[in-house]
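Shown next, in structure tokens, is the structure this report addresses.
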Amino acid sequence: MAPRGLSAEEKRVKLLEIFHETKDFFQLKELEKMGPKMKGIVSQSVKEVLQSLVDDGLVQMDKIGSSNFFWSFPSQRGAMMQNRLNAVKETQASLRSQLNESKSALETERASRPESEERVQALDRLSALKKECARLEKELAAYGACDPVKVEEKRRAVILAKEAAVRWTDNYLVLLSHFTRQNSIEPADIRAYLGIDEQYEDLVVEA
């Protein structure tokens, strides 16, 4: 019986492992050679898998000279998770604010119901506000208070991301040396192109 081929997701995971295990920069042709040898990924599928990782922000790409270089740091996934958590918290805060505003307007309408011909309009407004409050409360409940398990997973991912940032700061000179050897480019030119000043080597990541 012939061995089962890798699924699309398995190819993505294994190609990403090449970047994280080697901690290096590669061109497409290099990955097409390494994929089959290191991870059993068919050479012809490497380009498509790589593009899907780039589209999802898990692999970065930059053009230097006439060549495209690809890389991925282990800290990127943790950073993405933290960004998603922050987005959820911002949405939750916005919904709470809208809910409070609607409740305030509702109380205002409820306190000012004079016996007049405008009473019908006021009651219609009151009914609409009640429906708006119900809608916002339902939407807010969908976000919940954030699952503690997921929050803990994200917290750990952030810690790993910070540790990876420190580790990659230490590897900065190694990567810089790699580029200068491969492309005969002055280190200062690479720093200028990437917008990295010399103080990057002294980066301190707070706990």
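If you're wondering where the values come from, they're calculated on a predicted model, not measured in any experiment. Numbering of residues begins at 1 and proceeds along the displayed sequence.
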Using a 3.5 Å cut-off and no angle test, enumerate the donor-acceptor pairs between side-chain atoms of residues 45-54 and protein atoms at least two apart in sequence or in another chain.
| unit_1 | atom_1 | unit_2 | atom_2 | d |
| --- | --- | --- | --- | --- |
| Ser45 | OG | Val42 | O | 2.8 |
| Gln51 | NE2 | Asp55 | OD1 | 2.8 |
| Ser52 | OG | Arg12 | NH1 | 3.0 |
| Ser52 | OG | Val49 | O | 2.7 |

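Under the 3.5 Å distance criterion, the side-chain polar atoms of Ser104 are left unmatched by any main-chain donor or acceptor of Asn100. In terms of modelled atom types and a separation under 3.5 Å, the side chain of Ser72 and the main chain of Leu58 share a donor-acceptor contact. With Glu10 contributing its side chain and Ser7 its backbone, the two residues share a donor-acceptor pair below 3.5 Å.
In this structure, the side chains of Leu28 and Asn68 stay at 4.5 Å or more apart for every pair of heavy atoms. The closest side-chain heavy-atom distance from Ser97 to Glu101 is below 4.5 Å. Put simply, the side chain of Phe69 reaches to within 4.5 Å of the side chain of Gln27, judged on heavy atoms. Side-chain contact between Leu136 and Arg96 is absent, with no heavy-atom pair separated by less than 4.5 Å. The shortest side-chain heavy-atom distance between Met34 and Phe26 falls under the 4.5 Å cut-off. Put simply, the side chain of Trp71 reaches to within 4.5 Å of the side chain of Asp62, judged on heavy atoms. In this structure, the side chains of Phe19 and Asp24 stay at 4.5 Å or more apart for every pair of heavy atoms.
Between the side chains of Glu32 and Ser43, no donor N or O sits under 3.5 Å from an acceptor N or O.
In the hydrophobic clustering of this structure, Val13 does not group with Ile18; members are Ile, Leu, Val, Met, Phe, Trp, Tyr whose side-chain heavy atoms approach within less than 4.5 Å, directly or through other members.
Here the NZ-OG distance, from Lys131 to Ser102, works out to 14.0 Å after rounding to the nearest 0.5 Å. Atom-to-atom distance recorded for Glu132:CD and Gln98:CD is 7.0 Å, nearest 0.5 angstrom.
Lys39 and Glu21 are joined by a salt bridge, as a carboxylate oxygen and a charged side-chain nitrogen come within less than 4.0 angstrom of each other. Using a cut-off of 4.0 Å between Lys/Arg side-chain N and Asp/Glu carboxylate O, Lys33 and Glu30 are scored as not salt-bridged.
Shown here are the salt bridge (charged side-chain N to carboxylate O under 4.0 Å, His left out) partners of Lys29, two or more places apart in sequence or in another chain: there are none.
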